[in-house]
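The structure appears right after this line, and notes come after that.
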Amino acid sequence: MARLAQTAGLTDVQQEILSTVRDFVDKEIIPVATELEHRDEYPQQIVDGLKELGLFGLMIPEEYGGLGESLLTYALCVEEIARGWMSVSGIINTHFIVAYMLKQHGTQEQKDYFLPRMALGETRGAFSMSEPALGSDVSAISSKAVKDGDEYVLNGQKMWLTNGGSSSLVAVLVKSDEGHSPEEAAAKPHKSMTTFLVEKEPGFGAVRPGLTIPGKIDKMGYKGVDTTELIMDGLRIPANRVLGGETGRGFYQMMDGVEVGRVNVAARGCGVAQRAFELGVSYAQQRHTFGKPIAQHQAIQFKLAEMATKVEAAHAMMVNAARKKDSGERNDLEAGMAKYLASEYCKEVVEDAFRIHGGYGFSKEYEIERLYREAPMLLIGEGTAEIQKMIIGRRLLEEYRFQG
């Protein structure tokens with residue numbers, strides 16, 4: 001039987017990787033996901049399984065011990081994992097953003113030091129841009145780094161770190177006005193930002209001198225994975241832990257990583273939507289009303305048709321965005337479109353599956369209840385729908401500039 005969201009043109013290696021991940025999801029994630037999510041329990045056994053499969057090194061080059069696979073392969077794996085439990089895909093997402101940023105922008109010493117351990121999953125990555133008072137306005141970052149000899153002293157508060165507690169390496173974006181006058185820094189704030197590679201102990205509380213991870217933020221959904229704050233108070237970082245070895249490039253490094261993250265969020269939306277469709281179409285064939293399965297009622301068939309079409313459309317846009325990035329071309333337009341469409345469609349498909357379940361959809365006994373709480377996070381993560389539309393609109397005006 002033909003399935004939704006198939007991808008043409010995959011190599012034998014890609015198909016084998018996806019088959020292995022799909023099997024792992026069906027056997028090791030789906031059976032335990034809802035129970036672990038309700039307990040807000042970190043899925044250590046699942047994470048250990050991902051490490052054994054080599055997924056923490058999926059996009060890391062072979063010379064550093066990884067599999068050297070493409071963003072497309074990674075996105076398709078994320079789609080499968082999110083189909084099982086979206087929180088697990090979040091555990092590997094920030095890790096891969098940091099690994100990607102190191103691969104693209106790190107010094108050779110930084111690559112040699114971090115990437116082999118990241119490929120094994122021994123060093124786990126998180127990245128930090130947001131702060132309590134700024135939301136999507138990255139230019140308003142107030143955390144600062146001041147040079148002191150061969151070190152920088154960092155102070156400030158960061159917010160919404162996925163894997164903030166479980167990670168051992170955090171890429172942190174702060175302001176560093178080194179080399180800029182106050183007037184220049186105020187006029188062009190993006191050019192006075194620097195990404196620091198901050199090593200720490202996993203856990204909560206004081207995880208190194210000057211650095212505190214207060215604890216997990218209690219969330220409506222997206223449970224299991226830890227989401228935290230990060231507080232820097234006199235945190236001293238050596239100069240060789242400036243990503244790329246040069247200050248003032250942090251904003252552009254982060255935005256490059258966020259493009260990878262937006263493809264990831266699109267893939268997560270596709271995976272959650274696929275699972276919601278699977279649950280809806282299955283339940284519709286089991287539930288009987290007025291003497292027949294509700295799947296035979298035209299109203300339900302219309303819902304299933306709309307859901308399946310949205311799953312297919314979102315998947316196609318996600319694949320296009322990943323392939324554009326893999327080609328080395330600029331993909332902020334495609335990534336923004338894919339993230340926007342996939343997250344919106346995911347919300348709609350999940351809600352339709354919830355409606356198909358009727359009253360039982362409101363029960364914690366049914367998996368769709370969990371998906372209903374998870375889907376809204378995708379509307380916000382890696383930039384809201386409004387931010388995506390701003391990016392898309394600006395890029396369209398670049399491409400279709402009036403020539404009169």
Side-chain angles (χ1 to χ4, degrees), residues 71-72 75 78 93-94 96-97 100-101 104-105 127-131 133-143 158-160 171 173-175 180 183-195 243-244 248-270 310 313-348 376-404:
L71 177 59
L72 175 62
V78 166
N93 177 37
T94 56
F96 269 107
I97 291 177
Y100 173 82
M101 290 168 62
Q104 295 296 108
H105 306 288
F127 84 114
S128 177
M129 286 196 302
S130 188
E131 295 182 1
L134 64 86
S136 298
D137 183 10
V138 180
S139 65
I141 279 177
S142 61
S143 299
K158 309 297 283 186
M159 193 70 175
W160 306 118
L173 185 67
V174 300
K175 282 191 173 176
H180 299 278
E183 293 77 18
E184 289 174 326
K188 298 180 179 179
H190 299 100
K191 292 189 175 182
S192 60
M193 295 183 186
T194 299
T195 302
L243 179 61
R249 298 169 59 192
F251 176 80
Y252 307 100
Q253 295 164 344
M254 281 278 180
M255 290 302 104
D256 191 22
V258 164
E259 285 183 12
V260 173
R262 285 179 177 147
V263 173
N264 171 285
V265 172
R268 283 196 249 179
C270 292
K310 290 173 181 177
H315 175 84
M317 292 200 73
M318 179 271 291
V319 168
N320 181 55
R323 283 181 162 149
K324 194 76 177 286
K325 188 77 169 177
D326 283 332
S327 72
E329 297 179 68
R330 181 179 179 181
N331 88 325
D332 53 342
L333 175 64
E334 291 78 10
M337 285 181 167
K339 191 275 174 186
Y340 168 57
L341 190 80
S343 58
E344 294 290 337
Y345 275 180
C346 175
K347 176 201 69 171
E348 294 170 10
M377 196 285 293
L378 298 172
L379 301 173
I380 302 166
E382 313 296 5
T384 63
E386 289 73 22
I387 289 294
Q388 305 311 318
K389 286 188 277 190
M390 285 174 58
I391 293 168
I392 294 165
R394 288 170 181 169
R395 286 286 286 114
L396 290 173
L397 288 173
E398 289 179 22
E399 295 293 333
Y400 291 88
R401 189 178 302 278
F402 178 61
Q403 301 297 325

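From a predicted model like this one, the values you see are computed outputs, not experimental measurements.
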(message) Any non-hydrogen side-chain atom of Val260 less than 4.5 Å from a side-chain atom of Leu71?
(response) yes
(message) Check this for me, if you would: do Lys389 and Glu386 make a salt bridge, where the nitrogen-to-carboxylate-oxygen distance has to be below 4.0 angstrom?
(response) no
(request) Let me see the working for Lys191 and Tyr252 under side-chain contact (heavy atoms from CB on, under 4.5 Å), right down to the final yes or no. (result) CA-CA 9 Å; Lys191 292 189 175 182; Tyr252 307 100; 3.6 Å; yes
(message) Donor-acceptor check, side chain of Glu334 to backbone of Lys324, threshold 3.5 angstrom: yes or no?
(response) no
(message) Using 0.5 Å steps for rounding, measure from the CE atom of Met254 to the OG1 atom of Thr194.
(response) 10.5 Å
(message) With heavy-atom distances below 4.5 Å as the criterion, would you say the side chains of Val258 and Phe127 are in contact?
(response) yes
(request) First locate atom OH of Tyr345, then atom NE2 of His315, and finally report the distance between them rounded to the nearest 0.5 Å. (result) 15.0 Å
(request) Identify the heavy atoms of Lys175 and Ile141 that sit nearest to each other, and give their distance. (result) CE-O, 2.9 Å
(request) Output yes when a side-chain donor or acceptor of Asp326 lies under 3.5 Å from a complementary backbone atom of Leu72, and no otherwise. (result) yes
(message) Salt bridge check, Glu398 against Arg394: does any charged N sit closer than 4.0 Å to a carboxylate O?
(response) no
(request) Using atom types as modelled and distance alone, determine if a side-chain donor or acceptor of Lys339 lies under 3.5 Å from a backbone N or O of Leu378. (result) yes
(message) How long is the straight-line distance from CE of Met317 back to SG of Cys270, given to the nearest 0.5 Å?
(response) 10.0 Å
(request) Flag the pair Leu333 / Ile392 as yes when at least one side-chain heavy-atom distance between them is below 4.5 Å, and no otherwise. (result) yes
(request) Supply the atom-to-atom distance Ser130 OG to Lys158 NZ, rounded to the nearest 0.5 angstrom. (result) 7.5 Å
(message) Tell me whether Gln388 contacts the main-chain N or O of Glu382 through its side chain, where contact means a donor paired with an acceptor under 3.5 Å.
(response) yes
(message) Is it the case that the side chain of Gln253 and the backbone of His105 share a donor-acceptor pair, with hydrogens and angles ignored and the cut-off at 3.5 Å?
(response) no
(message) Can you tell me how far apart CD1 (Ile380) and OG (Ser343) are? Round to the nearest 0.5 Å.
(response) 10.0 Å
(message) Can you give me the closest heavy-atom contact between Arg249 and Gly244, atom names plus distance?
(response) NH1-O, 4.0 Å
(request) Could you tell me which non-hydrogen atom of Tyr100 sits nearest to which non-hydrogen atom of Gly257, and how far apart they are? (result) CD2-CA, 4.2 Å
(request) Report yes if the side chains of Val138 and Met193 come closer than 4.5 Å at any heavy-atom pair, otherwise no. (result) yes
(request) For residues Arg268 and Val265, determine if any side-chain heavy atom of one lies less than 4.5 Å from a side-chain heavy atom of the other. (result) yes
(request) I would like to know whether Met390 and Thr384 meet side-chain contact (heavy atoms from CB on, under 4.5 Å); could you show each step before the answer? (result) CA-CA 10 Å; Met390 285 174 58; Thr384 63; over 6 Å; no
(request) Check for a donor-acceptor pair, side chain of Thr195 on one end and backbone N or O of Leu173 on the other, with a separation under 3.5 Å. (result) no
(message) Would you say that Val263 contacts Arg323 through its side chain, given a criterion of any heavy-atom pair below 4.5 Å between the two side chains?
(response) no
(message) With side chain to side chain donor-acceptor pair (under 3.5 Å) as the test, pick out the partner of Asp332 among Arg395, Arg262, Lys325.
(response) Arg395
